[in-house]
Amino acid sequence: MKNYSFGTLSRRSFLKTSAVLGGGVVAGGMSLSQAIWAAEGKVLKACSNADLTKIDPLFAPTSENYDVMNCIYSKLITYKPGKEWASELDAAEKIEQLDPTHIRFHLKKGIKFTGGYGEMTAKDVKFSFERLFKFKSPSTQTWGSFNHVELEDDFTGVIVLNTPYVPVWMVSLPSEAGYIVSEDAVMKATRDGGDFGMKAPAFSGPYVLADWKPNQYTLLTRNPEWSGPKPGFDEIRIVPVDDPKARERAYLSGDVDFASISLDSLANFKSSPPANTKVEEKPSLWYYWIGMNMDHPKLKDINVRKAIQWAINVPQILDSAYAGQVNVATGPIAPGLVGHRAKALVPPEGDLAKAKEFLQKAGVSDLSLSIDCQNDSVNTNIAQIVQAQLSQIGIAVEVNARDSSTFWTLGMESEGERWKDLQLIINGFIGLPDPHYNVTFFVQDQVGVWNWERFRSARFDELVAKAVTIDNPQARAKLYYEMQDLLEESGAYRFLTNGATPVVSRSTVIDAATRPDGAPLYLDFKAV
């Protein structure tokens, strides 16, 4: 486990220096740890799965960055803690859909930016959202048909879309694409409005980033200029630990009071939980599958692909690779999302007799294939089980375990000719709380980019485009059912699992609050 430490000084010292924060300490390049110290009072100690790398919404790469940014910035709406995906007002006092392509918001008054940058206005919202597109942020992918923001007065604006885009409510606005930064502060700090990295020129949330030591800790303290509801803790201390076993040790030793744990430890934690510990198993937004390159000569025949589908016993794989602690996926759309299928077309256990029948239809014998995967223990375990299962129908499989940098370019045409040699692939993507993001990478435009199975269907593409315009959940779900049927009917996909996110929290210290997928919402944590 990485070393970490925290200093404390008296509350008097903290109060003396709180005025320095208002003067823009970060913008001046001075570490806030030199100016403010840990406030006396309630402290939330948590483990994150990775270190903070960037607090500019333009290019922040991981959820761990968003967990922190949720505390130091504001959004019009934000995710609500609980078991079901929902949002609630944040910086917006009111927000409404005027028509399918126009959304009006009215900001709460009195939300101030630190550093003397004044009150948040609609102008800052316009700058923040349009800035993503100016600098080609990856977050623009979640904004769909966004065009611009029209200003009506200092606190009111209208988001203008080119075409109807239903995911705006569950993804664009409450996710990382929705953070609002100060136009004046960012322009002063960067001159062109570009990436400010880890040197945020102003904060607007209940907390400020008081200190950050790479690979050691992140320290958040109360924002003295925050006028909204008081959060549950005076400080939030976050320790980055990428190894789940090390996170478990940190929790068991009492160093932290909230952490995610490994799936192979979940059964033990559930059967024999540590004292005063709440163990929760949260459904994940990930989706994992075994894919087949439809353009490879050995896999062009759909009967060969269907033989492989029916020969793979998914529960056997999950029992071994995930200690039986995850669900059997019915498709790329996870439980809890619109369009989640009740069951797949091919039963989870498969059927060896049917698999052999498909091989006979193909007129194939003595088939040898390769399967590519990442070289971690879970993926190599899955590959070896598939190797054994396919041997039962006479298919020999060679396992190619790759390091992550090599693996993630295998199917990309921009990286050379290796995609032509790709045969079977163990793959996994993380989705978002809208089904659009679990199917969008299988369209024809993604062939040779992220669509490594090289699946092509005009009907599928048509459904993907249509589904984001329909706001009736039941009608929308039917389109996603059909999309997943089309994927499975191609024979190129055998869906495995959506994974899980087990988390533990110390019930005598905190009442933890997470999104449905287990991501911590630190602002909603309460002290016990």
Side-chain angles (χ1 to χ4, degrees), residues 49 62-63 66-67 79-87 141-142 166-167 169-172 174-176 260-263 266 280-291 314-315 317-318 321-348 378-379 382 426-443 446 450-451 453 455 460 463-464 467-468 470 473-474 476-488 493-503 514-521:
N49 296 4
T62 64
S63 60
Y66 313 145
D67 296 339
Y79 290 120
K80 193 174 183 178
K83 295 182 178 180
E84 296 183 0
W85 287 100
S87 61
Q141 296 174 16
T142 65
V166 173
W169 290 103
M170 197 46 64
V171 175
S172 314
S175 77
E176 67 272 13
S260 64
I261 61 175
S262 63
L263 283 166
L266 177 58
E280 298 180 272
E281 186 176 357
K282 301 289 185 177
S284 166
L285 289 178
W286 279 89
Y287 49 110
Y288 300 91
W289 74 95
I290 295 167
V314 176
I317 292 172
L318 304 186
Y322 296 96
Q325 297 297 313
V326 294
N327 74 316
V328 173
T330 62
I333 298 176
L337 300 186
V338 170
H340 171 70
R341 290 192 300 177
K343 61 180 182 179
L345 302 179
V346 179
V378 171
N379 279 282
I382 293 172
I426 300 174
N427 218 334
F429 293 165
I430 187 168
L432 292 171
D434 184 279
H436 174 66
Y437 296 95
N438 298 59
V439 299
T440 189
F441 296 108
F442 302 115
V443 298
Q446 286 291 313
W450 293 115
N451 180 351
E453 292 76 24
F455 167 78
F460 184 89
L463 292 168
V464 170
V468 296
I470 296 174
Q474 289 75 31
R476 200 171 178 227
K478 289 179 181 177
L479 303 189
Y480 289 108
Y481 298 153
E482 184 179 346
M483 287 180 224
Q484 292 170 95
D485 287 351
L486 289 170
L487 290 173
E488 198 170 3
Y493 301 90
R494 185 62 161 140
F495 302 111
L496 299 176
T497 183
N498 299 109
T501 306
V503 296
T514 69
R515 302 188 325 187
D517 64 345
L521 295 171

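- Checked by atom type and distance alone, the side chain of Tyr79 pairs as donor or acceptor with a backbone atom of Met170 at under 3.5 Å.
- Taking the six-membered ring for Trp and thresholds of 30 and 60 degrees, Tyr288 and Tyr322 have ring planes inclined between 30 and 60 degrees apart.
- Atom CG of Leu487 is separated from atom CD of Glu453 by 8.5 Å, given to the nearest 0.5 angstrom.
- Side-chain contact between Leu263 and Val378 is absent, with no heavy atoms from C-beta onward closer than 4.5 Å.
- Between the side chain of Gln141 and the backbone N or O of Tyr437 there is no donor-acceptor pair closer than 3.5 Å.
- The closest donor-acceptor contact from the side chain of Glu488 to the backbone of Val346 lies under 3.5 Å.
- Side chain of Asn438 to main chain of Pro332: a donor-acceptor pair is present (N/O by atom type, distance under 3.5 Å, no hydrogens or angles).
- Each of Phe441, Phe460, Phe442 was scored for a ring pair (Phe, Tyr, Trp, His ring centres under 6.0 Å) with Phe455, with one residue passing: Phe460.
- Remark: of the listed residues Asn327, Val326, Thr501, Thr501 is the sole one forming a side chain to side chain contact (heavy atoms under 4.5 Å, CB included) with Ser284.
- Counting all heavy atoms, side chain and backbone alike, Arg341 lies closest to Asp485 at NH1-OD1, 2.7 Å.
- Rounding to the nearest 0.5 Å places CE of Met483 at 9.0 Å from CG of Leu486.
- Under the 30°/60° scheme for interplanar angles, the aromatic rings of Tyr493 and Trp289 are found to be tilted.
- Residues Arg515 and Leu521 are in side-chain contact: their nearest non-hydrogen atoms beyond the backbone lie under 4.5 Å apart.
- When Leu318, Val328, Ile317 are each tested for a side chain to side chain contact (heavy atoms under 4.5 Å, CB included) with Pro348, only one passes: Val328.
- With hydrogens and angles disregarded, no donor-acceptor distance shorter than 3.5 Å links the side chain of Thr142 to the backbone of Val171.
- Annotation: the span from Thr497 atom OG1 to Tyr287 atom OH amounts to 14.0 Å, rounded to 0.5 Å.
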Next item on the list: For Asp434 and Val468, run side-chain contact (heavy atoms from CB on, under 4.5 Å): C-alpha distance rounded to whole Å, both residues' side-chain angles, the deciding distance at 0.1 Å, then the answer.
Entry: CA-CA 10 Å; Asp434 184 279; Val468 296; 5.5 Å; no

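- Atom CZ of Arg494 is separated from atom CD1 of Ile426 by 13.5 Å, given to the nearest 0.5 angstrom.
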Next item on the list: Walk me through it: do Leu432 and Ser175 pass the test side-chain contact (heavy atoms from CB on, under 4.5 Å)?
Entry: CA-CA 9 Å; Leu432 292 171; Ser175 77; 5.7 Å; no

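- Using a distance-only test at 3.5 Å, with no hydrogens or angles considered, a donor-acceptor pair links the side chain of Asn498 to the main chain of Trp286.
- A distance-only check finds no donor-acceptor pair linking the side chain of Gln325 to the backbone of Leu266 [under 3.5 Å].
- Using a 4.5 Å heavy-atom cutoff, the side chains of Asp517 and Trp85 are in contact.
- When side chains are defined from C-beta on, Val166 does not count as touching Ile470, because their heavy atoms never get closer than 4.5 Å.
- Put simply, OG1 on Thr440 and CD on Gln446 are 6.5 Å apart, with the number rounded to the nearest 0.5 Å.
- For Lys80, the NZ atom counts as loosely surrounded, since its 6.0 Å shell holds 12 or fewer non-hydrogen atoms of other residues, nucleotides or ligands.
- When every heavy atom of Val338 is checked against every heavy atom of Pro473, the shortest pair comes out as CG1-O, 3.6 Å.
- Here the side chains of Leu496 and Ile290 are in contact, with some heavy-atom distance below 4.5 Å.
- A side chain to side chain donor-acceptor pair (under 3.5 Å) with Tyr480 holds for exactly one of Glu482, Arg476, Lys478; it is Arg476.
- Taking NZ from Lys343 and OG1 from Thr330, the interatomic distance works out to 11.5 Å, rounded to the nearest 0.5 Å.
- Nearest approach of Ala519 to Asp67, heavy atoms of both residues: CB-OD1, 4.4 Å.
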